[in-house]
Structure formats: C-alpha cells, structure tokens
Amino acid sequence: MNNALFEPLNLKERVIKNRFVAQAMEGNDADKGGAPSERTINRYYELGKGEWGLVVVEAISVVETSLARVNGMILNRKNLDAFKRLVDAYKTANPDGSLFFQLTHSGEQSGTFADKTCVAVEKPAHRYLSASEIAGIRDAFVAAALLAVEAGADGIDFKMCHGYLGAEILRPNNTRADEWGGCFENRTRLLREAITELKARLPQGFILGSRLSLYEGIRGGCGTASAGEIVEDLSEMLNVIRLMDELGMDYANVSAGIPALTGAITRPTEPSKYLALHHLRYTKTVRELVVKEERCLKVIGSAYSSHRMGALAVMEEMLTKGYTDLCGFGRQTFADPLMPKKVSAGEPVNWCILCSACSRLMTSQRNDGCAVYNDFYKQELKTLR
Ligand SMILES: Cc1cc2nc3c(=O)[nH]c(=O)nc-3n(C[C@H](O)[C@H](O)[C@H](O)COP(=O)(O)O)c2cc1C
Ligand code: SF4
C-alpha cells in the first residue's frame, strides 16, 4: 500500500482522510420532484463504505426548471429531508469522510423536457435568458448552498464545467452586451457575486470549490484566448483560478471538455484513453501556479478511471511529485464503489473497462450505473438493445 495515497490533506479546518475523490456522477434516479430516492441514497451509502476521502454528490439543480436528466436531483426546501437522509446514510457508513454537493444550473444542456436556455448567443430551440433571470440564478445558487449546509453537507462544488450554465457564461464566446457578458469581469460575475455573498453567510469551515473545464475544445470555449479561437490557451482560465483563490475559495476541481460535444476529452473511452494525459497536464499546470504564487487553493484532478488498473501508479506519481493534491475518479466509483477500502486492504478491485455503457444509459435517460459489474444496470442496458 502506498502512503501518498492514504495521507490526509487539510482543506481549511477539514481533514480529507486520504487522496481518493469520488467525483460527481449523475445516476439519474431521483424521485419525481427531484428528491434523492432510496436508490440514490443507497449509492452514497456504498461510497461511504468505500472510504473515499471525499465524495462529491452528483450535479444537483438549484432551480426546478433546468434539469439535464429526467430524474435529476433538485435542491429546494421541499426536498431537504431526503437530502438530510442522504447525508446521514453517507456519514453512518463513513463518519470521518467528507461529502460535498455539486450545485448546477443545466442551461443549454437541459433536456428538451425542461426549460432549455442559453446565455451567450441566441440559439434555435433555446430560450435566451434575460439579465434579471441570470441574477435570479445567482440567487438560486446562494439559496441552494445555504440549504446544503442545512442538509449537513461539508461543502459545495460550484459547477462551472462541462458546458453547463456556469461554463456557458464564463467562456470568451459569451459576448452578450449586458453585465453578464463581454469582459472577463462580467463573465466571472456569477461566480464572484455568489461566492462573495456566501463567504459572508456560510458557517466557518464550510468548503467552497468549483469544477472547471480548463479547455472545452470548442471555438471560443473555456481555455481559448477569444471568441474566434479554437486553439488552447489557458491564460484566462488561470486567471479564473487566481480569482477563486482571491475570493477565498478552498479548491479547484480541474476537468476538461463538454460531454455533449467533446465528450472524449471529458471522459476518454478505451479507444481515446490517451486523452486522459491532457488532464494530468492541466492539473499540474494549475498546481504549479498555486505553488509558485503561494496561493492556498487545493487542486483536484480528474479522469483517473481512464488509466484503468494503472490509476494507482499515476496517482502516486502525481501526488509524490506535487502535481496535485487530490485525485478524482468518475466511472471507477460506479464500477467499484468500495475501491479505496479494497486497495487499502490489498483486495482485488473491479476496474472500470471504459466501455461507456453507463454513459449510454445516462444519455438514454435511464437510471445509470455500471452495466459491467452491477446486475441492475446490466438488465437496464439489455432493455436498450
Ligand atoms: C455517467 C456519468 C455521469 C457523470 N455525471 C457528472 C456530474 O454529475 N457532474 C460532473 O461534474 N461530472 C460528471 N461526470 C464526469 C465525471 O465526473 C468524470 O469527470 C469523467 O467520468 C472522467 O473521469 P473518469 O475517467 O474517472 O471517469 C459524469 C460522467 C459519467 C460517465
Ligand atoms: S459501464 Fe463500463 S465505463 Fe461505465 S463504469 Fe462500468 S465498466 Fe466503466
């Protein structure tokens, strides 16, 4: 067993007990109305048993109208008791584990069954959000973060990645003429205003982080120099990292791509698995900035499942060389929710084989999970054929 993997990390006063992060993974199995169902709660109980140092609960919508999945979760007062049960189940299984809620507005990634909106440029079949509606979404993020505290979560992950509204507003091709578009200051207003308000209202010790796509792989997307550019240029995204640190945020969760458009970048599959190497470079770049400029922000890397059974060696290298603070696994948490516990006990692990069946279930709007190692999802997959 390698010590670097199981060394605790301080995130403000919170101790993350090892370096394994279960990244947000939508299971599309909430009850009607967006409350976590028994199936949802049981998934987080299992992750608790797996002894991940940190579990990020999948994308939870801050409003009722913007769901990407038919059975996606919504954080509102009506659903609060169910979220409390989810936290209790997780903490029962792993009392000293950390649990954050990922908060999102799905924006242009909303399903056709929902309010499909856009912020940057007007698009067919999308409703263009007004400035006051965007201000309302900022307030909804704040309200949902305060509910996350009531539910017992230890922190929030403000979703600015993967093409959802937080990313749409951030990217250089958001040239809208009002206070939510154009210059860097306007495109970071959503994050800045929400976090500034939350810093004043949240209890001491509650963790604030954000997940970003360092490079989206689209023209004018995050990680490019201007609205007309496709070529990667991380300068502006590194300024977002600096801003997060200056706002007093605690971590940056580094990802890439837009699953609906450039999905192989976000979650490489077996034929595209070498794209995961870009994630290592992005994480190292952010961590080097933090160290060089003596900033406090901690760094989480993504796409570790893409290294399959080689993931532990990659983790070890990234941690011992100081290229990251924490290592995030997505699909591996579906393939084997007990992975860190098994690694620490020297037991065999069910390694993700990058077959994409879970993604296929998700995009078909089914309950989704691992269709290789879990019988329930195996059966679900058969019904798609
Ligand atoms: C089925 C599925 C659901 C996902 N749901 C989310 C989500 O809710 N929020 C998020 O930020 N990323 C989500 N992702 C992306 C993963 O968190 C992760 O970044 C991606 O799978 C790459 O990491 P991996 O190689 O370890 O799987 C999802 C990915 C998949 C395959
Ligand atoms: S269905 Fe395939 S890609 Fe998804 S978790 Fe299982 S093995 Fe990994």
Side-chain angles (χ1 to χ4, degrees), residues 11 14 16 21-30 34-36 40-41 43-44 47-48 52-63 66-69 71-76 79-80 82-83 86-87 90 97-107 109-110 137-138 140-170 190-191 194-195 198 202 206-213 244 249-259 266-267 298-303 326 328-331 333-334 362 368:
L11 203 49
R14 171 154 292 279
I16 307 291
V21 175
Q23 292 280 21
M25 288 290 288
E26 285 176 287
N28 191 26
D29 54 14
T40 322
I41 292 172
R43 282 194 289 116
Y44 288 95
L47 288 169
W52 299 82
L54 165 63
V55 170
V56 185
V57 176
E58 69 212 71
I60 306 170
S61 182
V62 299
V63 298
S66 85
L67 292 180
R69 313 287 158 226
N71 300 307
M73 285 197 272
I74 302 166
L75 185 50
N76 54 24
N79 294 338
L80 188 59
F83 279 100
L86 185 155
V87 175
Y90 172 78
S98 296
L99 189 75
F100 300 171
F101 285 4
Q102 184 180 63
L103 301 182
T104 191
H105 183 291
S106 293
Q109 302 300 327
S110 298
I137 292 167
R138 174 204 55 209
F141 269 101
V142 171
L146 296 172
L147 284 173
V149 179
E150 279 193 57
D154 302 307
I156 57 148
D157 186 283
F158 195 113
K159 190 167 187 178
M160 303 280 287
C161 63
H162 299 172
Y164 292 80
L165 181 129
E168 262 178 275
I169 208 156
L170 189 60
L190 179 70
L191 182 74
I195 298 299
L198 284 171
L202 285 172
F206 192 79
I207 303 295
L208 285 171
S210 179
R211 196 167 199 204
L212 303 164
S213 286
M244 286 169 62
M249 294 181 81
D250 304 299
Y251 74 85
N253 190 346
V254 176
S255 188
I258 302 173
T266 309
R267 43 171 150 80
K298 298 286 192 260
V299 182
I300 306 178
S302 291
L326 292 159
F329 290 81
R331 291 160 291 181
T333 71
F334 276 1
M362 180 177 71
D368 66 274

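Remember, predicted model here, so these are calculated numbers, not experimental data. For the single chain, residues carry numbers from 1 onward in sequence order.
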Distance, nearest 0.5 Å, that separates CG of D250 from OG of S210 = 12.0 Å
Once you round to the nearest 0.5 Å, how far does CG of D157 lie from CD1 of I300?
-> 7.0 Å
Any side-chain heavy atom of L326 within less than 4.5 Å of one from V299?
-> no
What closest approach, in Å, do A145 and F206 show between heavy atoms, and which atom pair accounts for it?
-> O-CZ, 4.3 Å
Closest heavy-atom pair and its distance - A59, K159 | CB-NZ, 3.9 Å
Could you check if a side-chain atom of I207 sits within less than 4.5 angstrom of a side-chain atom of D154, using non-hydrogen atoms only?
-> no
Which distance, rounded to the nearest 0.5 Å, do you find between the CE of M73 and the OG of S61?
-> 11.0 Å
Check each of F100, F141, F101 against F158 using the ring-ring contact (aromatic ring centres under 6.0 Å, His included) test, and report the only one that passes.
-> F141
Can you tell me how far CD1 of I156 sits from OG1 of T104, rounded to the nearest 0.5 angstrom?
-> 11.5 Å
Identify the heavy atoms of R267 and M362 that sit nearest to each other, and give their distance.
-> NH2-CE, 4.3 Å
Can you check whether L191 reaches L170 side chain to side chain, under 4.5 Å on heavy atoms?
-> no
Value for CG (N79) from CG (L86), rounded to nearest 0.5 Å, stands at 11.5 Å
What do the steps show when you test L147 against F83 for side chain to side chain contact (heavy atoms under 4.5 Å, CB included), and what is the final call?
-> CA-CA 9 Å; L147 284 173; F83 279 100; over 6 Å; no
Do H162 and T266 get their side chains close enough for a donor-acceptor pair, meaning under 3.5 Å?
-> no
What is the distance from atom OG1 of T333 to atom CD of Q23, rounded to the nearest 0.5 Å?
-> 9.0 Å
Please determine if D29 and R43 form a salt bridge, counting it only when a charged side-chain N lies under 4.0 Å from a carboxylate O.
-> yes
Would you find a donor on one side and an acceptor on the other, under 3.5 Å apart, between the side chain of S302 and the backbone of V254?
-> yes
If you look at every heavy atom in R14 and S98, which pair is closest and at what distance?
-> NH1-OG, 2.9 Å
Identify the heavy atoms of S66 and G107 that sit nearest to each other, and give their distance.
-> CB-N, 4.4 Å
What closest approach, in Å, do S106 and A68 show between heavy atoms, and which atom pair accounts for it?
-> OG-N, 3.4 Å
